Amino acid sequence: MDYQFKDIESRWQRFWSENQTYKVENNPSKPKYYVLDMFPYPSGAGLHVGHPLGYIASDIFARYKRLRGFNVLHPMGYDSFGLPAEQYAIQTGQHPAITTETNIKRYREQLDNLGFSFDWSREVRTSDPNYYKWTQWVFMQLFNSWYNLEVDKAEPISTLIAKFETSGSKGIKAECDEDVANFTADEWKRLSEEEQQKELLKYRLTYLRESIVNWCPALGTVLANDEVKEGFSERGGHPVEQKKMMQWSMRITAYADRLLKGLDDLDWPEPLKEMQRYWIGKSVGAMVSFDPIEVFTTRVDTLFGVSFLVLAPEHELVLSLTTPSQKEEIADYIAQTSKKSELDRVANTKTVSGVFTGSYAKHPITGKDIPIWISDYVLAGYGTGAVMAVPSGDQRDWLFAKQFGLPIIPVLDTQKDLDQQADPTKEGRYINSGLINGLIYQEAIPVLIAKLKELDAGKVKVNYRLRDAIFGRQRYWGEPVPVYFKNGLPYLIDEKELPLLLPEVDKYLPTESGEPPLGRAEHWKYQDQYEYELSTMPGWAGSSWYWYRYMDVHNDQAFADKKAISYWKDVDLYIGGSEHATGHLLYSRFWNKVLKDLGYVGQEEPFKKLINQGMIQGRSNFVYRVVNEGGKSTNTFVSVGLRHQYKTIALHVDVNMVENDVLDINRFKFSRAEFADAEFIFEGGKYICGVEIEKMSKSRFNVVNPDDIVERYGADTLRLYEMFLGPLEQSKPWNTNGIEGVFKFLRKFWKLFHDDAFNFCISDETPSKAEYKALHKIIRKVEEDIERFSFNTSVSNFMICVNELQDLKCNKRGILQDLVIVLSPYAPHIGEELWALLGNKAGTLSYATYPKFDERYLIESEFAYPISVNGKMKMNLTISLDLAAPEVEQLVLANDDVQKHLDGRSPKKIIFVKGKIVNLVV
RNA sequence: GCCUAGGUGGUGGAACUGGUAGACACGCAGGACUUAAAAUCCUGUUCGCCUUAAAGCGAGUGCGGGUUCGAUUCCCGCCCUAGGUACCA
C-alpha cells in the first residue's frame, strides 16, 4: 500500500494511549532525564501552527533520550488560572472553570493529533484544587520564613523568634522592612501576641505592604507592569490608574545576589541571561551623606566635582527644605510633574527642568555649601531618591548645569570637551579633588571610602534595580491566599484545611464597595468568624513550582515525595518562549531557592539548560482590488506583479485559499457573495498574491491551524516540516511552500520498504559498504545535531540519506531497521508502522536499542582534494589519504591540468592540509 | 541611546574548531511517462561575460578596511533588521 498516513497515525496514537506507552515510573535504577515544556494557558482560540514548534523539538529530544536508555520525564499540563477566562465569565456569566475545561479538552485533542510522547498520567492544572493546595502550601512556607543574612539563606521564622527570645533584636542581620524596631529579649517577651506578630511580619518572606499598583477600574483588578501598555490594559485597552493598596509582596530582593550569581553556571541563551542581569540591575557604589541628604552614587571618585544635589520631587525632605521664597515655585513644579504621564517624562530626555529649593547641603569632605534642587529626572524609587550632581562626568547633570548656570568642575586631567558634553571617563589622574589629587581611579576609591568612614559620612553600598514582587490580584480566577485576618493582622489558616477552595460568587466583578470578587462569596469566613484574604494569587504563582509536581503528581501528603525529588532533581532541558525571561523564569528561580533553603528540594537552580524557540509569525496574503477613476472599488483584482499599472487597494485574503502565493480563484469566488463575479488580471495565467509578514491572528486571515496540516499531510510531515523550517531559536514566518518536499521525503522513505506495486518487500542480504556508509553518516549527524539543537540540519540529512539509499535501491533490513529507529523521534507514527511491518513487537520502537555509530564505515582511502591557486579553487584531484606532503606536492605538480592553471608560473609555496586542501601560491 | 541576536541565490536555509560558498528543500524552466491530468522520474537553475556547443573568464556571503597561503567564519569602523530596555545616579 502507498503511504496512508491518516490510517497509520490514528492507529498508533490510539495504541500509545491504550497501552500507556509513555507512562514513566520513578525508577532509580535508570539514569533520569527531564525534558520540560513551558505549559500553555488554554485559551479559547486553540493552538495555531506556531505553538507546537517548541513541543515538537522537546518531543524529539525526549524520544531520542529515551532511545539512548534514559528514563525520561516528559510531562504536560495547563497554566489554567488567568484573566481571559475571567473576562469571558464577566461577559457571559459562564463559570471560568467550565470555559477552562472546554478549552483544555480542545488543546488536548490538538496535542494528541501531533503524536507527542507526553506522560499524560502526570498532567497538572494550576486551577485544580489538588494542585493549588500545594501552591497555597508554598505560600505558607514563605510566610513562615525570614532571610538570615548571616548564613545567607532563608530560615523558618521560629529561628528568628528564638533569637528574639534570647537576645532581642540585637545582632540580627535580616532582609526585612526598614522600620523594624530595636528591643531586648525582655522587651520582646513583654510584647503582646499581636505586637509580636506585627513585628514578625516585617521579616517574613511574604508580607503585607502598601504599594502603588496599576489599578484598572474597568477590569476591577490590579495589573502587572507588563500587562499595562502606555496607560491602558493590554487586554481590553481599558484605562489604568495608579492607586495605593495593601498588597502581599514577596521578598525576592533578598535573593537578588544569588539570582544574579546563579546565572553564570546556567546553560541558557546569553540574551536571556543578559535580560535577567539587567532586570536585577546590581550596581556597586556608595552611600554618601551630604547633611541632611543621603545620596547613592556609583562614582564616589567624582565627589569633588559635585556642584549641586538633585532630589526627586517626591523626596520626603523636599517640603521641609524649601525656603519660603521658593515655596510657590516648588509647589508648582511638583504639581506639574505629578500630572505628567510616565510617557511624557521619558520622551523628554533632551530638555531638563527643575527648581531650586533655596536650601543647601554640606559637602561631607570640603564642608562647602551645595545647593539643593529638585527635578523629575531623579526617580524616587531608585537609590535614595537623591543624587549628587557631577556635571563634568554625567550627561544629565551636565545638561541641568548648563540650563541653570551651575558650575561644571573637571575632576580628571583627561576629561575633554566639557563645554560640549560631559565626559564620564575613569582614565587619568584626579584634579580639583583634595586628598585624591594625582591618584588614578583604582587608588582613589579606597582612600575616599576610608575618609568617608572616618567622618561617618559614607559607606560602600550595593544597590539593586529589582523590586519586591507584588503577590496579589483583585480578581476571581486565581488561587485563594490561605490567610485570614484577626484584628487587622494576617494569620495562616491551619495546614490541615488546605486547599482553601475558591468560593462560588454570583458575579465575577468587584463588590459595590470596591472589594475583590471574593468579597461576594457568602458565608465564606475562617472558622465562621474571621475574614479571609480577598485577593487571589497572581498568574505566576502556580507556574513557579510546577516542575516539582510532575515528579509526583498524585501525592496528597506533600507537594512531591522526597524520593521523587531526589531522583528527578531538576529540569535537564526546558523549552519555551523568551517572553518569560523576567517573569516566570525569575520567580521560579526565586521560589526554588526558598524551597532549597528550607530543605524541601536539593538543587539551587531548577532549569539547567534552556532553549528559547523562535516565534512563528504569520505570512499574510493580499489581493489587489482595482480602484476606478472615480475612486470607487471595482470587482476586478490584479495580480501582484501588475498592480502598479493600476490604482489598487490591498485586501487580506485568507491564506488557506492560497498556495505558493497563487490564489485559488474558485475558492476566492465562493468565499464571499461580493466576490462571486469577480474578475482577474492574471500574470502568466495565474493570480499571484502579495505577501507580508505579520503576527498570526484571525483579523489578518493568516492563522494556520495544525489540524488542517495534519489532515492534509499527516502529523509526521508537520513535525518534520516545523523542524525543517530553520534553526529552532530563530523567529520565522510560517510558510507552507516547502511542505511538499518533506511529505515527498516520507513517501520516498516508505517506498524503500516496498516494491513498485507497494508490497512490503525487505531483503535480509548483507548491506554493501555504500549502504552502511549512508546509514552511519546519518547516525553520526543526528547525534551531533541534537546536542546543538540543530534539528533542521538533521532533517536535511535524513533526506540526503534516503536519496542515497534510493539510488542504491537499498531495501536491506540491516540498514532500514536502524534507520527507522534513528528517524523515529522525528516521525514516530511511520516509524512504528514500519517497525511492526519489519516483524518487531508492536509499540516497542520507543524503547528500542539505538544503533551505535561506527567510524569504520566512514573511513575513506582517497579524497578529492580541491586544488587552489592563490586561494582560489580551480579543480579537484583525487589523491590517496595515506600520502604525506612531499608525495602529494609531487603528484599535484606532475598533473597536466594543474600545470594549465599555473600557466607556466612555478609555485613559491605549496600549502597542504591533509584531507582538506592543496593551495599553490604563485 | 544602551544591551543582545542577526544580515548568504527568486524563497526557507546549509557550510560544526579559518580550508571546494549556496548542501537539502521550495519555486521556476525543459524533458520522460500519459488520450489528458495528477502522481512519479530525469536534466538545469548565484550573478555577469564569452561560446553553436564543450569549455572558459570575472564578480560574489549588508558596506569599507585589516590579519592570513586561504575569511561567510577572526579583528577594526560603519549601515540595516529583529527582540529586550528606557533618565537606575
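Quick caveat, the model's predicted, so the values are computed rather than measured. Chain identifiers are assigned alphabetically (A, B, ...) following the order of the sequence lines, protein sequences preceding nucleic acid strands; residue numbering begins at 1 within each chain.
- Here A/Tyr382 reaches the OP1 or OP2 of B/rA89: one of its side-chain N or O atoms lies under 4.0 Å away.
- A/Asp397 comes within 4.0 angstrom of nothing in the nucleic acid, heavy atoms only.
- For A/Asp468 and A/Thr253, the side-chain atoms include at least one donor-acceptor pair closer than 3.5 Å.
- Nucleic acid contact class of A/Asn919 (heavy atoms, under 4.0 Å, all strands): base.
- Among the heavy atoms of the strands, none lies under 4.0 Å from A/Lys781.
- A/Gln395 comes within 4.0 angstrom of nothing in the nucleic acid, heavy atoms only.
- A/Val387 comes within 4.0 angstrom of a base, heavy atoms only.
- Side chains of A/Ser283 and A/Tyr382: a donor-acceptor N/O pair is present below 3.5 angstrom, by distance only.
- For A/Met275, the side-chain atoms get nearest to B/rG84 when compared with the rest of B/rG13, B/rC87, B/rG84.
- Taking the side chain of A/Met799 as heavy atoms from C-beta on, and the options B/rC24, B/rU20, B/rC41, the nearest nucleotide is B/rC24.
- Under 4.0 angstrom from either OP1 or OP2 of B/rA25 there lies at least one side-chain N or O belonging to A/Asn803.
- Annotated as syn: B/rG9, whose O4'-C1'-N torsion sits within 90° of 0.
- Remark: B/rU17 base-pairs with no nucleotide in the shown strands. Criterion, Watson-Crick or G-U wobble with two distances under 3.5 Å.
- Judged by distance alone with a 3.5 Å cut-off, no donor-acceptor contact links the side chain of A/Asn737 to the base of B/rC26.
- Nucleic acid contact class of A/Pro727 (heavy atoms, under 4.0 Å, all strands): sugar-phosphate only.
- Rounded to whole Å, the distance from CZ on A/Phe745 to P on B/rC41 is 14 Å.
- Between A/Asn735 and B/rU11 there is no side-chain polar atom (N or O) within less than 4.0 angstrom of OP1 or OP2.
- On the P atoms, B/rG27 is 26 Å away from B/rU35, given to the nearest whole Å.
- Picking from B/rC69, B/rC41, B/rA25 the nucleotide with the shortest atom distance to the side chain of A/Phe724 gives B/rA25.
- Out of B/rA39, B/rG19, B/rA89, the shortest distance to the side chain of A/Val913 is found at B/rG19.
- Listed nucleotides: B/rG13, B/rG12, B/rA21. Nearest to the side chain of A/Met873: B/rA21.
- Remark: A/Gln730 is in phosphate contact with B/rG13, judged by side-chain N or O atoms under 4.0 Å from OP1 or OP2.
- A/Glu274 comes within 4.0 angstrom of sugar-phosphate atoms only, judged by non-hydrogen atoms across all strands, and of no base.
- OP1 or OP2 of B/rC26 has at least one side-chain nitrogen or oxygen of A/Lys744 nearer than 4.0 Å.
- Neither OP1 nor OP2 of B/rU4 sits under 4.0 Å from any side-chain N or O of A/Arg277.
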